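Notes follow once the structure below has been shown.
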Amino acid sequence: MATGTEPHLNSGGVHTGTRAAIAAPHLRTDRWWLAPAATAAGLLAFVVYSTWRAFADAHYYAAPYVSPFYSPCLAERCGTMHAGPNADLFGSWWAISPAVIILIFPLGFRLTCYYYRKAYYRGFWMSPPACAVPEPHKKYTGETRFPLILQNIHRYFFYAAIVVAGILTYDTVLSFRDEHYRWGHMGLGTLVFLVNITLIWAYTLSCHSCRHIVGGKLKHFSKHPVRYRMWQWVGKLNARHMLLAWASLVSVALADFYVYLVASGAFDDPRFF
């Protein structure tokens with residue numbers, strides 16, 4: 001047992017007189033730092049890319065494709081999209097990129113997501129960096145104080161994410177047109193959009209809040225067979241929540257990048273039919 005006389009044992013956190021007096025920072029011999037480092041690098045790469053694209057305010061529409069970062073386009077200054085997601089709810093006073101308006105909701109949903117909390121808590125804040133590796137902080141307050149207490153609004157971001165996913169589904173349907181808005185065509189971009197919206201819906205429905213909404217507060221599943229079956233389906237998706245979180249994050253960035261390449265003239269959209 002610790003005696004409390006060692007200087008490093010009185011520094012707070014796990015190094016206190018009531019904890020085991022282990023001099024080593026940890027006893028792990030594997031590359032425990034690799035997972036949080038890779039997570040931090042991946043999330044940082046997405047933050048840099050999405051920030052650049054959100055404020056670029058250009059090359060986000062190439063008929064019939066609209067970037068998921070700019071959909072729905074709620075500013076009056078948005079480019080005209082034939083039968084596309086132009087809402088013009090914000091008047092001419094909105095001076096910066098219209099992507100900033102809508103990205104608040106999907107990014108808020110991901111920032112408050114249970115998996116992403118774990119990911120960036122470990123990757124950026126080292127809280128804790130890995131299992132059996134003590135965090136460097138002297139005390140732990142959880143999510144009971146500002147700003148982390150705002151994580152509790154995750155369910156409301158889930159509702160907004162459902163709306164955004166519905167709009168992106170509409171955009172995917174519109175991608176079955178050609179550049180002249182004629183129906184019955186399919187390009188490589190259509191396939192990119194189909195993959196993206198499938199992963200977006202899978203990630204959204206695998207959310208813990210969705211699982212609770214579908215099957216929570218039920219005392220007898222036998223009396224609610226439909227909700228029970230839905231709860232089972234969502235539970236299967238929930239088991240792959242981490243994988244779907246990363247897959248959908250990559251797919252939405254690739255869908256935006258594809259639109260950027262086509263809209264900027266760097267790439268011509270191949271047509272299958």
Side-chain angles (χ1 to χ4, degrees), residues 41-111 160-161 163-183 185-201 203 246-273:
L43 292 177
L44 184 62
F46 180 81
V47 168
V48 172
Y49 173 80
S50 60
T51 301
W52 165 59
R53 286 295 293 138
F55 286 95
D57 196 15
H59 305 310
Y60 54 83
Y61 182 66
Y65 310 122
V66 55
S67 164
F69 286 3
Y70 287 81
S71 181
C73 210
L74 301 179
E76 188 177 294
R77 61 195 300 275
C78 294
T80 302
M81 307 176 198
H82 184 74
N86 287 95
D88 297 348
L89 296 180
F90 285 66
S92 58
W93 61 270
W94 187 263
I96 61 177
S97 172
V100 177
I101 306 173
I102 193 60
L103 280 180
I104 294 173
F105 300 103
L107 288 180
F109 176 59
R110 289 182 183 266
L111 281 174
V163 175
V164 172
I167 294 171
L168 295 183
T169 302
Y170 176 72
D171 295 342
T172 302
V173 173
L174 293 181
S175 71
F176 282 91
R177 304 176 302 174
D178 62 11
E179 64 274 14
H180 303 294
Y181 312 112
R182 295 188 295 256
W183 287 97
H185 298 269
M186 180 178 181
L188 178 60
T190 310
L191 184 60
V192 172
F193 274 45
L194 281 171
V195 171
N196 178 56
I197 195 57
T198 300
L199 292 173
I200 289 292
W201 273 115
Y203 165 65
W246 279 105
S248 60
L249 193 72
V250 172
S251 72
V252 73
L254 288 178
D256 170 80
F257 188 62
Y258 188 88
V259 175
Y260 167 76
L261 291 177
V262 176
S264 63
F267 181 77
D268 291 327
D269 180 47
R271 292 288 169 173
F272 298 131
F273 57 83

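Quick caveat: nothing in here was measured; it's all calculated off a predicted structure.
- Counting only distance, with no hydrogens or angles, the side chain of Ser71 and the backbone of Ser67 share no donor-acceptor pair below 3.5 Å.
- Applying the side chain to side chain donor-acceptor pair (under 3.5 Å) rule to Tyr170 yields no partners; only residues at least two apart in sequence or on another chain are considered.
- Applying the salt bridge (charged side-chain N to carboxylate O under 4.0 Å, His left out) test to pairs two or more places apart or on separate chains, those with a residue in residues 44-55 are Arg53-Asp256.
- The shortest heavy-atom contact between Gly187 and Phe272 is O-CE1, 3.6 Å.
- Nearest heavy-atom pair, Leu168 versus Ile197, reported as atom, atom and distance to 0.1 Å: CB-CD1, 3.6 Å.
- Side-chain contact between Leu43 and Trp246: present, with at least one pair of heavy atoms (C-beta onward) separated by less than 4.5 Å.
- Partners of His59 according to the ring pair (Phe, Tyr, Trp, His ring centres under 6.0 Å) rule, which considers only residues two or more places apart in sequence or in another chain, are Tyr260.
- For the atom pair Thr190 OG1 and Asp269 CG, the distance stands at 6.5 Å (nearest 0.5 Å).
- Across Ala165 and Thr169, no two heavy atoms sit closer than the pair O-OG1, 2.7 Å.
- Side-chain contact between Phe273 and Asp178: absent, with no pair of heavy atoms (C-beta onward) separated by less than 4.5 Å.
- Rounding to the nearest 0.5 Å places CD1 of Ile101 at 5.5 Å from CG of Leu74.
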Can you check side-chain contact (heavy atoms from CB on, under 4.5 Å) on Leu107 and Phe46, steps first, answer last?
CA-CA 11 Å; Leu107 288 180; Phe46 180 81; 4.1 Å; yes
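- In this structure, Arg271 and Pro64 approach most closely via the heavy-atom pair NH2-CD, 3.8 Å.
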I would like to know whether Arg77 and Asp57 meet side-chain contact (heavy atoms from CB on, under 4.5 Å); could you show each step before the answer?
CA-CA 10 Å; Arg77 61 195 300 275; Asp57 196 15; 2.5 Å; yes
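- In this structure, the ring pair (Phe, Tyr, Trp, His ring centres under 6.0 Å) partners of Tyr258, at least two apart in sequence or on a different chain, are Phe267.
- Contact annotation: the side chain of Glu76 never approaches that of Pro98 to less than 4.5 Å [non-hydrogen atoms, C-beta and beyond].
- Atom CZ of Phe105 has 12 or fewer heavy atoms from other residues, nucleotides or ligands within 6.0 Å.
- Under the 4.5 Å side-chain criterion, counting only non-hydrogen atoms from C-beta, Val164 is in contact with Ile102.
- When side chains are defined from C-beta on, Phe69 counts as touching Ser50, because their heavy atoms get closer than 4.5 Å.
- Every residue was checked against the side chain to side chain donor-acceptor pair (under 3.5 Å) condition with Thr172, not counting sequence neighbours, and none meets it.
- In this structure, CG on Asp171 lies 10.0 Å from CG on Asn196, to the nearest 0.5 angstrom.
- The backbone N or O of Ala99 lies less than 3.5 Å from no partner atom in the side chain of Tyr60, so there is not a single donor-acceptor pair.
- Taking the ring axis of Tyr65 as reference, the NZ or CZ atom of Arg177 does not stay both within 45° of it and closer than 6.0 Å to the ring centre.
- Using bins of under 30°, 30° to 60° and over 60° for the plane-to-plane angle, the ring pair Phe257/Tyr49 lands in the perpendicular bin.
- For the residue pair Ser248/Trp201, the side-chain donor-acceptor check at 3.5 Å is not satisfied.
- Across all non-hydrogen atoms, the minimal contact from Ile167 to Pro72 is CD1-CG, 3.5 Å.
- Applying the ring pair (Phe, Tyr, Trp, His ring centres under 6.0 Å) criterion to Phe90, with sequence neighbours excluded, gives Trp93, Trp94.
- Atom-to-atom distance recorded for Leu199:CG and Leu249:CG is 11.0 Å, nearest 0.5 angstrom.
- You'll find the side chain of Phe193 reaches within 4.5 Å of the side chain of Val259, heavy atoms only.
- Ser97 contributes a side-chain N or O that, together with a main-chain N or O of Ala54, makes up a donor-acceptor pair within less than 3.5 Å.
- Taking OG1 of Thr198 as the start and CG of Leu194 as the end, the distance is 6.0 Å to the nearest 0.5 Å.
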If you apply the rule side-chain contact (heavy atoms from CB on, under 4.5 Å), what do you find for Phe55 with Thr51, and how did you get there?
CA-CA 6 Å; Phe55 286 95; Thr51 301; 4.0 Å; yes
